[in-house]
Every structure is written in C-alpha cells, then in structure tokens.
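Written below as structure tokens is the structure these notes are about.
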Amino acid sequence: MKITKTFSFDMAHMLDNHDGKCKNLHGHTYKLEVEVCGNLIEGGAKDGMVIDFSDLKQSVKALVVEPFDHAFIYHTGSERERQIARMLEGWGLKTLAMDKRTTAENMAQYMFDLLRRKGRLNISTLRLWETPTSYCECSL
C-alpha cells in the first residue's frame with residue numbers, strides 16, 4: 001500500500017558556473033510529493049493506515065519544509081555562493097547549506113535521505129517539482 005502527501009514551499013538558489021540562466025540568483029515555488037509505502041497498521045488508533053497523514057505532515061514540515069521555505073539554499077563548495085550566504089546571514093536572513101550543487105536532483109536526494117534517516121519514514125518515492133512542468137523523482 002502507498003500513500004502520498006503534497007507540500008509547497010518557496011526558496012532561492014543559484015547554480016554557480018552554470019551555462020544558462022540558472023547561474024543567476026533566483027527562486028522557485030517548489031512542490032514536494034512524498035510517497036510512503038508499507039503494510040496497513042492492524043489495531044489501535046492507526047488501524048487501517050500505512051501512516052497517519054498528520055504524522056507524515058509533521059515530519060516533513062519539521063525536516064524539509066521549515067528549513068527550506070523562504071531560504072537561500074547554497075552549495076558550500078562554491079565561494080561565490082558562500083559569500084552571498086554570509087552577506088544574507090549578516091542581515092539576519094535565512095540560509096541553508098548543502099554540500100552539493102543545489103540542483104533539483106541533489107535536493108531531492110538530500111530530502112529523500114533525510115526523511116528516511118532522521119524522519120524514519122518508509123519513503124518509496126519523492127518528487128520535487130521545481131516548476132509546474134519540471135520535476136525530479138528519487139525512489140528506492
């Protein structure tokens with residue numbers, strides 16, 4: 001059995017040294033779809049569920065949505081991105097460091113691993129929509 005919950009958040013990033021428009025600082029409204037699989041719980045308050053949607057929501061919001069929403073996500077391997085992050089942090093603005101480029105693919109993998117490891121969620125598929133017509137999918 002599989003269930004899916006969808007989330008939305010806004011964030012800014014850039015792809016330093018990219019050969020297109022994404023080398024510029026810009027933002028997206030991301031849509032995140034988290035699919036959890038498993039057997040149905042038997043007995044108790046969660047009887048007949050894979051996971052309670054509210055429990056899934058709480059974990060995803062705490063681990064992904066709140067840290068990413070309205071933040072500048074930057075690659076620690078890029079000096080230019082680190083400089084921008086330091087400037088923003090000096091103004092008290094929100095940033096989030098990643099050890100890889102902030103591509104949709106890398107962010108999806110990061111979120112997938114984080115939710116499985118720290119959230120202890122049995123995620124089977126995670127889709128990160130960067131635009132209404134473009135998404136990345138990470139799955140088992």
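Position 1 is the first residue of the sequence; numbering continues from there. Keep in mind it's a predicted model, so treat the numbers as computed, not measured.
- Distance check: K23 NZ to N17 CG gives 9.5 Å after rounding to the nearest 0.5 Å.
- Using a 4.5 Å heavy-atom threshold, the side chains of L56 and I3 count as touching.
- Residues forming a side chain to side chain contact (heavy atoms under 4.5 Å, CB included) with L25 (at least two apart in sequence, or on another chain): A12, F72.
- Remark: side-chain polar atoms of T102 are paired, donor with acceptor, to backbone N or O of M14 under 3.5 angstrom.
- One hydrophobic cluster holds both V36 and M1 under the rule that ILVMFWY side chains link at heavy-atom gaps under 4.5 Å.
- Exactly one residue among L114, L63, I51, L126 makes a side chain to side chain contact (heavy atoms under 4.5 Å, CB included) with L121. That residue is I51.
- Residues L32 and M111 form a side-chain contact, since some pair of their non-hydrogen atoms from C-beta on lies under 4.5 Å apart.
- F53 and F7 fall within the same hydrophobic cluster, where Ile, Leu, Val, Met, Phe, Trp and Tyr residues are linked whenever their side-chain heavy atoms come under 4.5 Å apart, directly or through other members.
- Side-chain atoms of L115 and R120, non-hydrogen and from C-beta on, never get closer than 4.5 Å to each other.
- Looking only at side-chain heavy atoms (C-beta outward), H26 and K21 stay at 4.5 Å or farther from each other.
- At a threshold of 4.5 Å between side-chain heavy atoms, the hydrophobic network of Ile, Leu, Val, Met, Phe, Trp and Tyr places V64 and I123 in one connected group.
- To the nearest 0.5 angstrom, R86 atom CZ is 10.5 Å from I84 atom CD1.
- Taking NZ of K118 as the start and CG of D113 as the end, the distance is 12.0 Å to the nearest 0.5 Å.
- For the pair V50 and L40, the minimum side-chain heavy-atom distance is below 4.5 Å.
- V34 and V65 fall within a single hydrophobic cluster, where Ile, Leu, Val, Met, Phe, Trp and Tyr are joined by side-chain heavy atoms under 4.5 Å apart, directly or via other members.
- With R101 contributing its side chain and G77 its backbone, the two residues share no donor-acceptor pair below 3.5 Å.
- Around atom CG of D47, more than 12 heavy atoms belonging to other residues, nucleotides or ligands sit under 6.0 Å away.
- Atom CG in L128 sits 10.5 Å away from atom SG in C138 (nearest 0.5 Å).
- The six-membered or imidazole ring of H75 lies away from that of H13, with a centre-to-centre distance of 6.0 Å or more.
- Side-chain atoms of Y30 and E130 form a donor-acceptor pair, as typed in the model, at a separation below 3.5 Å.
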Intermediate values then yes/no, side-chain contact (heavy atoms from CB on, under 4.5 Å), D10 and D69: CA-CA 5 Å; D10 300 294; D69 190 37; 4.1 Å; yes

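- Within 6.0 Å of CD on E79 lie more than 12 heavy atoms contributed by other residues, nucleotides or ligands.
- Residues W129 and H28 have side chains not in contact (no heavy-atom distance under 4.5 Å, counting atoms from C-beta outward).
- For the pair T125/K2, no side-chain contact is recorded, criterion being any heavy-atom separation below 4.5 Å from C-beta on.
- Of all non-hydrogen atoms in K94 and P67, the two that sit nearest each other are CE-O, 3.3 Å.
- F112 and F9 fall within the same hydrophobic cluster, defined by Ile, Leu, Val, Met, Phe, Trp and Tyr side-chain heavy atoms under 4.5 Å apart, directly or through other members.
- Judged as a side-chain hydrogen bond (donor to acceptor under 3.5 Å, both in side chains), and not counting sequence neighbours, the contacts of E89 are T95.
- The CE atom of M11 sits 10.5 Å away from the OG1 atom of T29 when rounded to the nearest 0.5 Å.
- Residues Y110 and M98 meet the side-chain proximity criterion, which asks for heavy atoms closer than 4.5 Å.
- For R127, the side-chain hydrogen bond (donor to acceptor under 3.5 Å, both in side chains) partners two or more places apart in sequence, or in a different chain, are E33, E137.
- For Q109 and E105, the side-chain atoms include no donor-acceptor pair closer than 3.5 Å.
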